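It should be emphasised that the depicted structure is a prediction, and the values quoted were computed from it without experimental measurement. Here is the naming used below: chain letters follow the sequence lines, and residue numbers restart at 1 for every chain.
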Amino acid sequence: MTQLALVIDLNVCVGCHACVTSCKEWNTSGDAGSLADLMPYGKDPSGTFFNRVQTFEVGHYPETQTVHFPKSCLHCEDPPCVPVCPTGASYKRAEDGIVLVDYDKCIGCKYCAWACPYGARELDAKQKVMKKCTLCVDRIYDEKLPERDRKPACVLACPTSARLFGDVHDPESEVSRAIRERGGYALMPEWETRPANQYLPRRESAPCDPPTPSSSSPR
Amino acid sequence: MDTSAPRTQAKTTTCYMCACRCGIRVHLRDGEVRYIDGNPDHPLNHGVICAKGASGIMKQYSPARLTQPLRRKAGAERGAGELEPISWDEAMSMLTDRLARIRASDPSRFALFTGRDQMQALTGLFARQFGTPNYAAHGGFCSVNMAAGMIYTIGGSFWEFGGPDLDHAKLFVMVGTAEDHHSNPLKIALSKFKRSGGKFISINPVRTGYSAIADEWIPIRPGTDGALLLALTHELVATGLIDREFVARCTNAGYLVDLDEASERHGLPMRDAAREVEFPLYPQNHWWWDEATDRAVPAHATDATPRLDGEFMLEGKRVKPAFALLEERLRECTPEWAEAITGIPAVRIRRLAHEMGTVARDQAFELPIPWTDAWGTRHDKVIGRPVAFHAMRGLAAHSNGFHAIRSLAILMSLLGTIDRPGGFLHKAPYPRAVPPSAKPPNGPLAVKPNAPLSGPPLGWPAAPEDLFIHEDGRPLRIDKGFSWEYPLAVHGLMHNVIANAWRGDPYPIDTLMIFMANMAWNSSMRPEEARRMLNDKDANGEYRIPFLVVCDAFQSETTAYADLVLPDTTYLERHDVMSLLDRPISEFDGPTDSVRVPVLPPTGQCRPFQEVLVDLASRLGLPAFTNADGTRKYRDYPDFIVRWETEPGSGVGFLSGWRGTAGDRSLKGEPNADQWARYAENNCVHHTKLDPSMQYMRNWNRGYLEFARDMGFRKLDNPLVIQLYSEPLQHFRLAAQGRRPGRQPPEHLRERVAKYCDPLPFYYPPLETQAIDRDAYPLAAVTQRPMAMYHSWDSQNPWLRQIHSHNYLFVNPLTARAQSIDDGGWMWAESPWGRVRCMARYSEAVEPGTVWTWNAIGKAPGAWRLAPDADEAERGFLLNHLITDELPQGGARISNSDPVTGQAGWYDVRVRIRRAGADEPEMTAPAFAPMPALPGTRSRTPAWIAYFAGRKKST
Amino acid sequence: MRPAYSVVFLTTLIGAGQGLFVAAFMAEAVARLAGESVPTTFLVRASIGIVALGAGGLVASFFHLGRPERAWRSAAMWRTSWLSREVIALPAFIALAAAYGLLHARGHGGTFLVGLLALAACIALFTCTAMIYACIRFLQEWASPLTFVNFVLMGCASGFTLAAALAAWQAPALLAPFTTGAIALTLAALVSRVASLKRNARLQPRSTTQSAIGARGPDAVQKSRGFTGGSFNTREFFHGVGAPGMRAILAAFLALAFVVPVALIVAGRDGAGPWLALAFAVQYTGLVAERWYFLADARHPQNLYYQSVA
Ligand SMILES: Nc1nc2c(c(=O)[nH]1)N[C@H]1C(S)=C(S)[C@@H](COP(=O)(O)OP(=O)(O)OC[C@H]3O[C@@H](n4cnc5c(=O)[nH]c(N)nc54)[C@H](O)[C@@H]3O)O[C@H]1N2
Ligand SMILES: Nc1nc2c(c(=O)[nH]1)N[C@H]1C(S)=C(S)[C@@H](COP(=O)(O)OP(=O)(O)OC[C@H]3O[C@@H](n4cnc5c(=O)[nH]c(N)nc54)[C@H](O)[C@@H]3O)O[C@H]1N2
Ligand code: SF4
Ligand code: SF4
Ligand code: SF4
Ligand code: SF4
Ligand code: SF4
Ligand SMILES: [Mo]
C-alpha cells in the first residue's frame with residue numbers, strides 16, 4: 001500500500017518561506033480554497049496556511065545551531081485526528097495514505113484539531129471548515145499537468161530542494177532511501193501517530209574554538 | 001481541473017518581487033492570476049521560486065497601488081499627503097516645461113536618482129542626454145564598496161558581476177551575506193554544494209538563513225573583517241600556502257615599484273618609456289626582475305619568472321616588487337593582532353588560513369580545456385583551486401569596506417582562485433579593465449545648456465584628472481561623488497542627495513526625480529531628518545528642494561512628499577529588459593539577458609516609467625531620442641529597445657538575443673523588429689554559451705578578450721592584470737602628498753586622501769567608531785534582509801506581512817540581562833544620532849557585542865494603505881533612526897561613508913541599550929503622523945480577503 | 001486550551017440534567033421497593049427540568065459548530081467517534097426522560113421500564129461526554145479515568161442539589177434522601193476533583209521542544225513560530241490567563257462548586273426551599289468555573305510549536 005509523504009531535509013533548509021507562500025497561492029485558488037486572511041492590512045493579520053516555517057535555536061553561543069523547521073500535516077499512518085471526527089469529513093485515503101478533509105461534510109467542530117498533537121490543522125475563519133495540507137492532491141494526479149509539475153507546490157518551489165516527495169512505503173523511493181541513509185526521524189514519536197512525513201537531521205558541524213569575550217568594539 | 005481548463009493559460013515572464021530576476025510562469029484563470037511558479041526552463045532559477053515571488057498575486061492586487069497621476073494640492077504641506085488627481089497630459093506637460101527650462105539654463109539643476117530598479121542603462125542614458133551629471137542609482141548606499149573594491153583589484157566582483165563556482169568548490173567561505181541579489185540561484189547552489197560534501201563556513205556576527213546551515217559559524221565583530229582577512233593573508237604568505245605561479249603571471253605582484261623619495265612617480269610601478277605600447281590607456285610596459293637572469297626584464301616576458309621579494313636598482317632608482325611591499329604591509333597583521341580586533345581566536349584564524357591554503361593546494365584539479373593567454377602562451381588545461389568565497393554588504397556597508405574588500409580580493413588572488421574552476425568566476429560583461437575605461441566628466445565644461453553630457457555621468461576614475469570637480473577642488477555633483485571626499489564614488493552617493501540639495505551644498509537644485517526609491521523612509525539614514533528637509537522652506541517661503549517628482553507603484557512614505565506622483569505599472573504589466581549594457585543575469589558560462597513582457601493589462605492609468613522616460617526624452621528633444629528633423633524617433637519603449645544602438649550601426653543594443661534582420665545573430669547584429677516576440681517565445685531569456693576555451697581565466701584569456709572586444713563588452717582586448725598593488729590609489733595619494741603635478745586636494749582633505757588612498761589594503765576602525773565615544777556606545781547594530789520581504793515594499797502584501805508584520809531587536813541574552821531587558825520586553829536602543837523604542841528578542845545566535853533586526857519592517861502609519869494601528873506602525877521599527885548620514889569633522893561635517901568610494905556606512909552604527917520604563921507606552925518610538933489614503937488607491941481596505949482566482953468552483 | 005463556553009454550558013447543563021434524572025429515578029425505584037410512591041407532580045416537574053437542561057445543553061452545543069446547519073451529519077461516525085456517540089446519546093436521553101415524565105403525567109404504567117432505559121442512556125451519555133476528553137491521549141490532563149468519575153459525580157451532585165430544591169416544594173418526604181445525597185455526592189466530587197488536580201500537578205508533559213522538532217541538544221528554544229500575527233493555532237489552544245488568574249479561578253470553583261453549596265444545603269436541610277435553590281445556583285456557577293478550568297488546564301502539545309514571535 002502506498003503512503004505518500006514529504007521528507008524534509010533540515011540540513012539544507014535555509015528558512016526562506018518559499019514553501020509557505022507557494023502553498024498558500026496554490027491552495028487558495030485550488031480545491032482547498034479559498035484560504036481566508038483576516039485583517040490583511042490591519043493589526044494582527046492572521047490567515048489560513050497549511051505550512052509554516054519556524055525557527056529554533058539549539059545550544060548556547062557560540063555553539064549555537066539555528067534550525068529552520070517547516071511544519072505541515074504529517075499524514076500520520078495512525079492519525080488520531082481521523083477517528084474522532086463525528087461526520088467522517090476527516091479521512092485517510094486507502095490508496096495513497098493522504099489524510100484529507102471533506103469540506104462539504106465538515107461541521108467545523110474543531111475536534112480533529114484538538115486531536116492533532118502537531119497543530120497541523122487550521123479552521124478557515126471564513127468558510128468555517130477545517131483545513132490542512134492536502135499534499136496537493138489536486139496537483140499530483142493532474143494528468144493535464146506536465147509530468148514534472150505533478151508534485152506539491154511547496155516541493156517544486158523549494159530552492160534548496162529540502163522537500164522530498166514520494167512513497168515512504170516503497171523501499172526504493174527517493175524518500176525511503178533518504179530516511180534510511182540520512183537517519184530520518186518522526187516528530188513526537190511518544191504519541192505513536194506514526195507520521196508519514198519525516199525529517200532529516202542536521203549534519204554535525206565542526207566545533208569551534210573557545211571564543212574570546214567580545215570587548216566593546218573594534219580597536 | 002482548473003490548471004488545465006481552457007479558461008486558464010500560462011505566460012512566461014521575469015519576476016520582479018526582487019532584483020534576482022528569476023523566470024516565472026504566470027498562470028491566469030479568467031484573466032486573474034491563479035498562481036505564479038518558477039519557470040523550469042529558466043537558467044537562473046530552474047523552476048524554483050521564493051516566498052516573495054510566490055506572493056506576486058497580493059502585490060498585483062494591492063490596495064496600495066497608485067492608479068493615476070497625482071499633484072500636490074495648492075497650499076498643501078509636503079508630507080501631509082494631500083494630493084489630487086491630474087491627467088497624464090497635464091503631468092507630462094508640467095514636467096516637460098519645467099525640465100525644458102532647466103535644461104536651457106543649467107541641466108545640473110535636475111537630479112535623477114533611482115532605487116531598486118535595474119534599468120540604469122536607460123535612466124543613465126536619459127540623464128546623459130539631458131545633460132545632468134546628477135544621476136545615480138542606489139549603488140552608493142547599497143554595495144558600491146563591493147563593486148569598486150573588487151573591480152579596482154580583479155576587474156570583476158561579487159554582486160551581479162561574478163560569484164562562487166560551487167559546482168567545483170570543496171570549501172566555501174561566505175562573508176557577511178544574508179540573502180543577496182542572487183537569491184534562488186545561491187540557494188540552489190548551496191544545497192547542491194552541501195549535498196556533494198563540500199564544507200561551508202560562514203563569517204557573520206549573526207547565525208540565520210544561510211549561516212544556519214553552515215558547517216562552521218565564525219562570529220565576528222562588525223566592521224572588523226578587514227583585520228581578519230589581512231591576518232588570513234598574513235598566514236598564507238607566511239606559510240607559503242599561495243599560488244606563486246598564478247600570483248607572478250596574473251597579478252602585478254612582480255612589477256617593480258619606484259621607491260625613489262624624490263620621484264613624482266614614487267610608489268608607482270616603473271614603466272619602460274622606450275617600449276612601444278599596444279594600449280596607451282593601459283600601457284603594458286612594466287618591469288619584472290627575472291629570477292633566472294637576475295636582471296630587469298619586461299613584465300610578463302614569457303620566458304621570465306619575476307622575483308616577488310628583494311630590492312633592486314633600476315634606472316638609478318631603488319625599486320621593489322609590489323609583492324614585497326604587500327608582504328611588508330602584512331608583517332604586522334598577525335592572527336594575534338586580528339584576534340584583539342575581531343574577537344576571533346588566533347588559533348582559529350590560523351586553522352582557517354591553513355584550511356584554505358591546503359584545500360586550494362592539495363585538492364587542486366585540472367580541466368582538459370585548451371586556451372591561449374594574452375601573452376601568446378598556449379595552455380592545454382585549466383587549473384581549478386576549489387576554494388570559493390562570497391561576500392556582500394557585511395563587508396561593503398562599512399566606511400572601511402573598500403579596503404576590507406580589497407583585502408578579500410587579494411586573498412582570493414593569492415590562493416589563485418580568480419576566474420578559475422572552483423573559485424571566483426566572472427559573469428559577462430565582466431571582467432572589465434582594472435579600472436574600466438569609462439570615465440566620469442572631469443570638469444565644469446562637461447555641463448552645457450541644451451546639450452548632452454560629454455560622457456556618461458558615472459565612470460571609473462584612475463587618477464585625479466578623472467575627478468568631477470572645479471579646478472579649485474569643489475565638487476561638481478550634488479552628491480559630491482568623484483570629488484576629493486569620495487574619489488572612487490563609482491555609483492554616486494544617493495544617501496547624501498537630499499541633505500546636500502536642502503543645504504544647497506555644493507549648489508541648490510530645482511527638480512529632484514526619484515524612481516523606485518523610498519527616500520523618505522527606509523533608504524535614508526535618519527529618515528526624520530530627510531522628511532524635515534524635504535518639507536523645509538527658505539526665507540521667502542520657497543521649498544529648499546523646489547520640485548519633487550516621485551515615480552512609484554505604491555503609496556510609499558515618499559509619495560506623501562511629492563509635488564508630482566507618476567503611477568508606475570507592476571512587473572506583470574510592463575515591458576522591461578535586463579540588459580548586458582546594465583546588470584544582466586549572465587551565467588558563468590556566458591552572457592545572458594532577459595526581458596519582462598506584460599501578462600496583465602495596466603491597472604487604472606498606470607504607465608510604465610520606461611514609457612514615461614522615452615516620451616519625456618522625445619518631448620524634450622533629447623538627441624538620442626529624436627530624428628534629424630526633430631521629430632520623435634521611437635514610437636514607444638519596446639520600439640526604442642529594439643532599434644537603439646550604442647553607436648549607429650554598432651549592432652550592439654539593449655538585447656543580445658535574436659539580433660540581425662533574420663533574427664539569427666546573438667550579441668551583435670542589426671536591430672530585429674521581432675526581437676520581443678522571440679524573447680516571449682523563448683522564456684523571455686537569451687543565453688549565449690561560451691566555448692569552454694573562453695569560460696575561464698578570462699582576465700588573461702586571449703580568445704575571450706578578443707570576443708569581449710568584438711561583442712562590445714569592452715573597447716580593448718588588453719589583459720586584465722590583477723592589481724594587488726593599486727596604481728590609481730597611489731596617484732591620488734601622490735597628489736595628496738603634493739608629490740605629483742596636476743590636481744591637488746584642498747588642504748583640509750590632504751591628510752584624508754593620503755591616508756585612505758593607500759595602494760595597499762589596510763585595516764582601520766570605521767569612521768563612526770573613530771568619531772564617537774566607543775565606551776558610551778558599546779554595541780554594534782546591524783540589519784539583515786528577511787528572505788520573505790523585499791525592503792519596504794512587501795508590507796502591503798498580506799501573505800508576506802503575516803510573516804513579518806513587525807520586528808524585534810535580537811540581543812544576546814548575556815547582553816540583554818546585563819541591562820535587565822526581558823525576552824520580548826520593551827527596550828530603548830540609542831545611538832549618538834537617535835533612539836528607537838522596540839521589543840527585544842533573546843538570541844544565542846548573535847555575537848554578544850552585536851544587536852540586529854530585520855530591515856525595513858517598520859512603516860509610517862497609513863503608508864502602504866495599512867491601517868494606522870497596523871503592527872508595522874505600532875510595533876515595527878526602522879534601525880535607520882539610529883544611523884547618521886553625516887559625521888562631525890572638525891567644524892564641518894562629512895558623509896558617513898567610505899572615504900574612498902562614498903559607500904554608506906550603514907553597519908557602522910554603535911548603540912547602547914536599556915530597559916524601557918514600566919510607565920512607557922508599549923509602542924515603538926519615534927512615532928509619525930498617519931498618512932491619508934492617496935486618491936486612486938483603494939479608499940477602504942477590506943477587513944478580510946479570501947482570494948480565489950476566477951470564477952468560484954461549482955461545488 | 002482555550003475553553004469554549006458552548007462546551008462549558010453543554011457539559012454542565014446536561015450534567016445537572018442527568019443528575020436530576022438519577023435522583024428522580026432512584027427516588028421512584030427506592031419507593032417502589034418500599035411499596036411506597038413518589039408524588040407524580042414531583043416526577044413530572046423533575047422530568048420537565050431534565051428535558052429543559054438537556055435541551056439547553058443541546059442548544060449550547062450548536063454554538064460550538066462552524067457549520068451548525070450540517071449538525072445532522074455528526075451522528076455518522078458513532079463507530080469510532082465519542083463525539084458522534086454523544087450526539088446520539090444526548091437526544092436519546094432527552095427523549096427517554098421526556099417519555100418518562102409523560103408516562104407519569106398520563107399515569108400510564110411502564111414508567112419503571114422506560115426509567116431503566118433512560119438510566120442506561122444517562123450512563124451512556126456520561127461516558128460519551130467524559131470520553132470525548134479522556135480519549136485524547138496526549139492531552140494528559142484529560143486522559144484519565146478521573147475525568148469520567150468527575151463528570152459523573154459533579155453531574156449527580158448538581159442534579160441532587162436541584163432535586164432537593166424541587167423536593168422542598170413538591171415532595172418534602174424526599175428532602176432528607178436528596179439533601180444527604182447531594183452533600184455526599186458533592187463531597188465525593190470534591191475528593192475526586194482534588195485527586196485529579198493533584199494528578200495533573202504532578203504530570204510530566206511527555207512532549208518537549210526536543211521531541212517536537214527532533215533536536216539533538218537538550219536546550220532547544222523557539223525563536224519564531226513563523227508568523228507575527230495570529231492564527232487558528234494561537235487562538236484555539238491558548239487561554240491567555242496568567243497563573244494568578246488560574247489560581248483565583250481554581251479557588252473560586254472549589255468554593256462555589258463544593259464548599260458553599262454543602263453549607264447552604266445543610267442550612268436548607270429542613271425544607272428551606274430558597275436556601276436549596278440558592279445552593280443549586282451557586283453550585284452550578286461553581287461548576288461552570290470548574291469546567292472552564294478543566295478545559296483551560298490541558299496543555300496541548302501543539303503549543304510547543306507556537307511559543308515565540310520574531
Ligand atoms: N537600516 C538599513 N537601511 C537600508 C539598508 C540596510 O541594510 N539597513 N539597505 C539599503 C540598501 S542596500 C538599499 S538597496 C535600499 C533599498 O531601499 P529603496 O531603494 O527605497 O527600495 P525599496 O524600499 O525596496 O522600494 C523603493 C520603492 O520602490 C517602489 N516600487 C516597488 N515596485 C515598483 C515598481 O514596479 N515601479 C516603481 N516605480 N516603484 C516600485 C516601492 O513602492 C518603494 O516605494 O535600502 C537601504 N536602506
Ligand atoms: N529577500 C530579500 N532579498 C534581497 C533584499 C531584500 O530586501 N529582501 N535586498 C536586496 C538588496 S538591495 C541587496 S543590496 C542585497 C544585500 O544582500 P546582503 O548583503 O546579503 O544583505 P544584508 O542583509 O545587508 O546582509 C548583510 C549580512 O552581513 C552581516 N554583517 C553585518 N555586518 C557585518 C560585518 O561587519 N562582518 C560580517 N562578516 N558580516 C556582517 C549581517 O549579519 C547580514 O547577515 O540583498 C538583495 N536581496
Ligand atoms: S522552501 Fe525549502 S528551504 Fe525554504 S523554508 Fe521551505 S523547506 Fe526550507
Ligand atoms: S499531523 Fe495532525 S492532522 Fe495530520 S494526520 Fe497527523 S494528526 Fe492528523
Ligand atoms: S472539524 Fe470537521 S473534520 Fe474536524 S472533526 Fe469536526 S467535522 Fe470532522
Ligand atoms: S504539500 Fe501542498 S498543501 Fe501540503 S504543504 Fe506542500 S504545498 Fe501545501
Ligand atoms: S528571488 Fe526574487 S526574482 Fe526570484 S522569485 Fe524570488 S522574488 Fe522573484
Ligand atoms: Mo541594495
TODO: Tell me, for B/Ser843 versus chain A, whether the close heavy atoms (under 4.5 Å) come from the side chain, the backbone, both or neither.
DONE: both

Task: Interface residue of largest heavy-atom contact number with chain A, from B/Pro786, B/Ala870, B/Gly209, B/Gly47, under 4.5 Å - done: B/Gly209

Task: Spacing of B/Phe810 atom CZ and A/Glu57 atom CD [to the nearest 0.5 Å] - done: 8.0 Å

TODO: Given side-chain contact (heavy atoms from CB on, under 4.5 Å), test B/Arg195 with A/Asp9 step by step and report yes or no.
DONE: CA-CA 11 Å; B/Arg195 285 182 168 144; A/Asp9 187 350; 3.1 Å; yes

Task: Most contacts with chain B, counted as non-hydrogen pairs under 4.5 angstrom, among A/Glu143, A/Met39, A/Arg52 - done: A/Met39

Open item on the list: I need the A/Arg148 CZ to B/Asp41 CG distance, nearest 0.5 Å.
Closed with: 8.0 Å

- [ ] Apply side-chain contact (heavy atoms from CB on, under 4.5 Å) to A/Arg203 and B/Ile213, showing your working.
- [x] CA-CA 9 Å; A/Arg203 189 171 68 187; B/Ile213 62 166; over 6 Å; no

Task: Beyond-backbone contact of B/Tyr947 with A/Lys24, side-chain heavy atoms, under 4.5 angstrom - done: no

Task: When A/Ala162, A/Pro45, A/Cys19, A/Ala36 are compared by non-hydrogen pairs under 4.5 Å with chain B, the top option - done: A/Pro45

- [ ] Please check if any side-chain donor atom of A/Glu25 sits under 3.5 Å from a side-chain acceptor atom of B/Ser55, or the reverse.
- [x] no

Task: Exercise: identify the closest heavy-atom pair between A/Thr66 and B/Ala212 - done: O-CB, 3.4 Å

Task: B/Asp871 and A/Asp44: CA distance, side-chain angles, deciding distance, side-chain contact (heavy atoms from CB on, under 4.5 Å) verdict - done: CA-CA 7 Å; B/Asp871 302 3; A/Asp44 278 328; 3.9 Å; yes

TODO: Compare every heavy atom of B/Lys187 with every heavy atom of A/Cys16, then report the nearest pair and how far apart it is.
DONE: CB-CE, 3.7 Å

- [ ] Mind ranking B/Glu872, B/Met787, B/Arg801 by heavy-atom pairs under 4.5 Å with chain A and telling me who comes out on top?
- [x] B/Arg801

TODO: Kindly give the heavy-atom pair with the smallest separation between B/Arg207 and A/Thr64, and that separation in Å.
DONE: NH1-O, 2.7 Å

TODO: Look at B/Ile36, B/Leu800, B/Thr208 and state which one has the largest set of heavy-atom pairs under 4.5 Å with chain A.
DONE: B/Ile36

Open item on the list: Is B/Arg25 close to chain A through its backbone or its side chain, or both, or neither, when contacts mean heavy atoms under 4.5 Å?
Closed with: side chain

- [ ] Take A/Thr28 and B/Trp799 through the side-chain contact (heavy atoms from CB on, under 4.5 Å) test and state the conclusion after the steps.
- [x] CA-CA 11 Å; A/Thr28 194; B/Trp799 296 347; 4.0 Å; yes

Open item on the list: Under 4.5 Å from any heavy atom of chain A, what part of B/His46 do you find: side chain, backbone, both or neither?
Closed with: backbone

Task: Contacting region of B/Asn812 [heavy-atom separation from chain A under 4.5 Å] - done: side chain

- [ ] Work out which heavy atom in B/Arg29 is nearest to a heavy atom in A/Ser29; give both atom names and the distance.
- [x] NH2-O, 2.8 Å

Task: Nearest-0.5 Å distance, OG1 of residue A/Thr160 to CG of residue B/Leu190 - done: 8.5 Å

TODO: Indicate whether any N or O donor in one side chain lies under 3.5 Å from an N or O acceptor in the other, for B/Trp944 and A/Asp37.
DONE: no

Open item on the list: Below 4.5 Å, heavy-atom pairs only: which of B/Ala867, B/Gly53, B/Pro63, B/Ala64 has the largest tally toward chain A?
Closed with: B/Pro63

- [ ] Let me know if B/Glu874 has heavy atoms under 4.5 Å from chain A in its side chain, its backbone, both or neither.
- [x] side chain

Task: chain A interface, residue from B/Gln770, B/Lys52, B/Arg875 that has the most non-hydrogen pairs under 4.5 Å - done: B/Arg875

TODO: Could you check if a side-chain atom of B/Glu847 sits within less than 4.5 angstrom of a side-chain atom of A/Tyr61, using non-hydrogen atoms only?
DONE: yes

Open item on the list: Does any backbone or side-chain atom of B/Ile57 lie under 4.5 Å from a heavy atom of chain A? Answer side chain, backbone, both or neither.
Closed with: side chain

- [ ] Mind ranking B/Ser62, B/Ser191, B/Ala189 by heavy-atom pairs under 4.5 Å with chain A and telling me who comes out on top?
- [x] B/Ser191

Open item on the list: Contact between A/Thr21 and B/Ile803 at the side-chain level, heavy atoms closer than 4.5 Å - yes or no?
Closed with: yes

Task: Side chain proximity check, A/Ser22 to B/Tyr35, heavy atoms < 4.5 angstrom - done: no

TODO: Please round to the nearest 0.5 Å and tell me the distance separating atom CE of B/Met58 and atom OH of A/Tyr41.
DONE: 6.0 Å

Open item on the list: Minimum heavy-atom separation for B/Val48 and A/Cys158, please, with both atom names.
Closed with: CG1-O, 3.6 Å

Task: Atom pair NE2 (A/His17) and NE2 (B/His804), whose distance is rounded to the nearest 0.5 Å - done: 5.5 Å

